[in-house]
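The structure appears right after this line, and notes come after that.
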Amino acid sequence: MHGVAITGTGIFTPDQTITNAELVASYNAYAERVNAGMAAEIQAGRAEPLPLSSEEFIVKASGIERRHVMDKSGILDPARMYPVLPERGEDELSLMAEISIDAAGKALKRAGRSADMVDAVICAASNHERAYPAIAIEVQQALGIRGFGFDMNVACSSATFGIQAAADMIRAGSARSILIVNPEITSGHQEWRDRDCHFIFGDVCTAVLLERAEDVEAGSAFEIVSTRCLTEFSNNIRNNNGFLRRTRDGHMADRRDMLFHQEGRKVFKQVVPMVAELMLGHLADNGLSPADVSRLWLHQANKGMNDLIGHRVLGREPTRKEQPNVLQDYANTSSAGSIIAFSMYSDDLAPGSYGVICSFGAGYSAGSVIVRKMG
Ligand code: COA
């Protein structure tokens with residue numbers, strides 16, 4: 001068995017941002033339009049008006065202050081409320097491949113590697129813009145990588161599950177170096193017309209390069225000590241869009257269930273203990289106690305959730321440095337969130353320091369990756 005190390009990470013961040021103030025103004029304009037359109041029904045008690053959103057609620061309930069998106073014009077247009085992402089020809093690079101290549105280039109540069117040293121590409125994301133061919137294979141070809149590529153989806157846990165899949169292949173010897181990309185265009189499957197969730201998501205792409213540990217000169221690399229994945233079926237976060245849609249009467253309509261929907265309170269209550277238990281058990285089974293851990297890079301969905309998980313794992317309130325959040329600037333970027341935190345807040349750790357990258361989300365799914373700074 002070979003050792004495995006994370007040698008580089010990269011982030012593609014879209015230029016466009018939406019503040020909570022902009023988001024709430026556009027949603028409220030939309031709600032007022034809808035309410036004006038059904039004023040008679042509302043007056044007669046036959047319909048409920050759409051409630052308005054508020055900045056105060058968003059910050060208090062989630063900790064999110066702004067989000068990056070691929071296109072804000074369509075999202076903020078009260079007559080549209082979803083992004084404008086023009087169709088590309090089949091001979092053009094797809095959007096998910098394009099942002100993956102940007103993040104991958106940064107990860108390779110940080111690792112001091114070139115694409116010809118990579119054996120495989122995994123595109124791990126919570127949604128893929130087409131059924132096939134795999135986005136990963138398109139990225140592989142664009143970067144000139146020999147070997148293979150495949151797509152996988154475990155919702156918000158896609159990146160950590162991708163790391164486990166890649167690490168297992170490198171350990172076993174079927175690949176020597178694997179690039180994982182997490183292009184998350186969440187604005188395409190977010191319901192911007194629902195105040196309960198319109199503030200939750202943002203767009204981004206992350207990339208992670210994994211290599212055989214013996215090929216690596218310590219530098220800023222992190223050895224992967226252990227990975228652990230966990231799933232438990234739940235309908236509390238769900239999206240019913242899929243390839244059987246047109247075979248079912250009424251499914252081609254503009255239906256709420258064909259986009260992200262959730263029971264946010266239940267998710268919060270059920271996922272916090274599941275994740276804390278996973279992390280504590282994973283550390284214990286590797287002979288580590290919470291006191292041995294210098295940093296937690298958690299999934300970035302909700303500040304309150306992260307505060308609670310950090311508290312349960314460390315047995316006390318984590319400092320901002322120990323458990324960095326990026327969700328105030330990025331919102332929930334699905335599988336990319338914990339990787340953004342890791343990429344931005346890991347260089348300062350001393351050689352020998354332990355940390356845990358942990359994701360959680362739909363499925364339910366949770367992934368824990370224990371790493372140790374090399375050097
Ligand atoms: N503006 C103003 N009020 C709002 C609002 C908005 N945008 N959205 C909801 N509200 C209202 C609700 O209607 C509700 O009103 P009521 O008490 O009159 O019924 C009240 O605020 C509380 O709503 P609730 O949904 O219970 O809030 P919450 O405190 O649970 O926060 C989440 C909502 C989604 C932020 C929170 O549940 C969460 O983050 N859960 C985990 C979700 C998660 O991580 N999902 C993973 C996705 S991958």
Side-chain angles (χ1 to χ4, degrees), residues 18-32 34-35 48-67 75 81 124-127 153-161 182 184-204 231-232 234-239 256 259-276 298-310 325-328 330-341 358-367:
I18 299 178
T19 62
N20 287 347
E22 291 174 298
L23 187 75
V24 166
S26 99
Y27 170 84
N28 286 350
Y30 159 78
E32 276 158 5
V34 173
N35 292 342
E48 284 293 318
L50 286 183
L52 300 185
S53 185
S54 90
E55 284 178 68
E56 296 71 30
F57 172 85
I58 294 171
V59 174
K60 190 162 166 276
S62 69
I64 296 164
E65 293 168 19
R66 65 188 68 84
R67 67 284 298 142
I75 294 168
M81 304 294 278
S126 58
N127 242 315
N153 174 359
V154 201
C156 289
S157 290
S158 297
T160 51
F161 278 56
N182 319 108
E184 292 289 4
I185 307 179
T186 61
S187 58
H189 51 111
Q190 154 90 322
E191 178 51 280
W192 300 94
R193 297 169 297 182
D194 181 346
R195 80 161 184 168
D196 287 348
C197 70
H198 75 127
F199 54 90
I200 288 183
F201 289 110
D203 298 335
V204 83
T231 51
E232 280 173 24
S234 168
N235 278 319
N236 290 332
I237 313 171
R238 193 165 166 131
N239 180 336
R256 179 68 188 89
L259 293 166
F260 165 89
H261 53 286
Q262 72 166 347
E263 294 286 340
R265 276 276 155 110
K266 287 187 186 159
V267 173
F268 196 111
K269 273 200 187 144
Q270 293 166 1
V271 169
V272 167
M274 174 182 167
V275 171
L298 299 186
H299 174 48
Q300 301 287 313
N302 179 294
K303 183 176 179 306
M305 259 178 130
N306 283 7
D307 289 348
L308 273 176
I309 292 169
N325 279 332
V326 300
L327 56 82
Q328 63 282 1
Y330 280 89
N332 181 345
T333 49
S334 195
S335 73
S338 57
I339 305 299
I340 302 174
C358 184
S359 66
F360 40 89
Y364 295 137
S365 59

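Side chains are part of it too, since the values below use all heavy atoms of this structure and drop only hydrogens, waters and symmetry mates. Just follow the structure's listing: the first ligand is 1, and inside any ligand the first atom is 1.
Near N332, meaning under 4.0 Å from any of its heavy atoms, are these atoms of ligand 1: 47 (C), 48 (S). Distances below 4.0 Å separate heavy atoms of M305 from the following atoms of ligand 1: 41 (C), 44 (O). Here is the list of ligand 1 atoms found below 4.0 Å of a heavy atom in G264: 37 (O), 40 (N), 41 (C). In the vicinity of A301, heavy-atom distances shorter than 4.0 Å reach the ligand 1 atoms 44 (O).
Under the 4.0 angstrom criterion for non-hydrogen atoms, A362 is not in contact with ligand 1. A61 counts as a contact of ligand 1, since one of its heavy atoms falls under 4.0 Å from the ligand.
In terms of polar-atom proximity, defined here as any N/O pair under 3.5 Å, H299 makes no such contact with ligand 1. The shortest N or O to N or O distance between V267 and ligand 1 is not under 3.5 Å. For ligand 1, the polar-atom distance check against N302 finds a nitrogen or oxygen pair separated by under 3.5 Å.
Pairing each heavy atom of Q190 with each of I200, the nearest pair is NE2-N, 3.7 Å.
Remark: among candidates Q262, R265, K269, the nearest residue to atom 43 (C) of ligand 1 is Q262, based on non-hydrogen atoms.
Each of I237, N239, N236 was scored for a side-chain contact (heavy atoms from CB on, under 4.5 Å) with Q262, with one residue passing: I237.
Within the 4.0 Å cut-off (strictly below), no protein heavy atom is located near atom 25 (O) of ligand 1. Atom 19 (O) of ligand 1 is not flagged as protein-proximal [any protein heavy atom, distance under 4.0 Å]. Counting protein heavy atoms under 4.0 angstrom from atom 5 (C) of ligand 1 gives one or more. Distance remark: protein heavy atom present below 4.0 angstrom from atom 10 (N) of ligand 1.
The aromatic rings of F360 and H299 sit perpendicular, their planes meeting at an angle over 60°, well past the 30° parallel limit.
For R238, there are no salt bridge (charged side-chain N to carboxylate O under 4.0 Å, His left out) partners at least two apart in sequence or on another chain. Every side-chain hydrogen bond (donor to acceptor under 3.5 Å, both in side chains) that S53 has, sequence neighbours left out, goes to H198.
Defined by atom type and a distance below 3.5 Å, a donor-acceptor pair is missing between the side-chain atoms of T333 and Q300.
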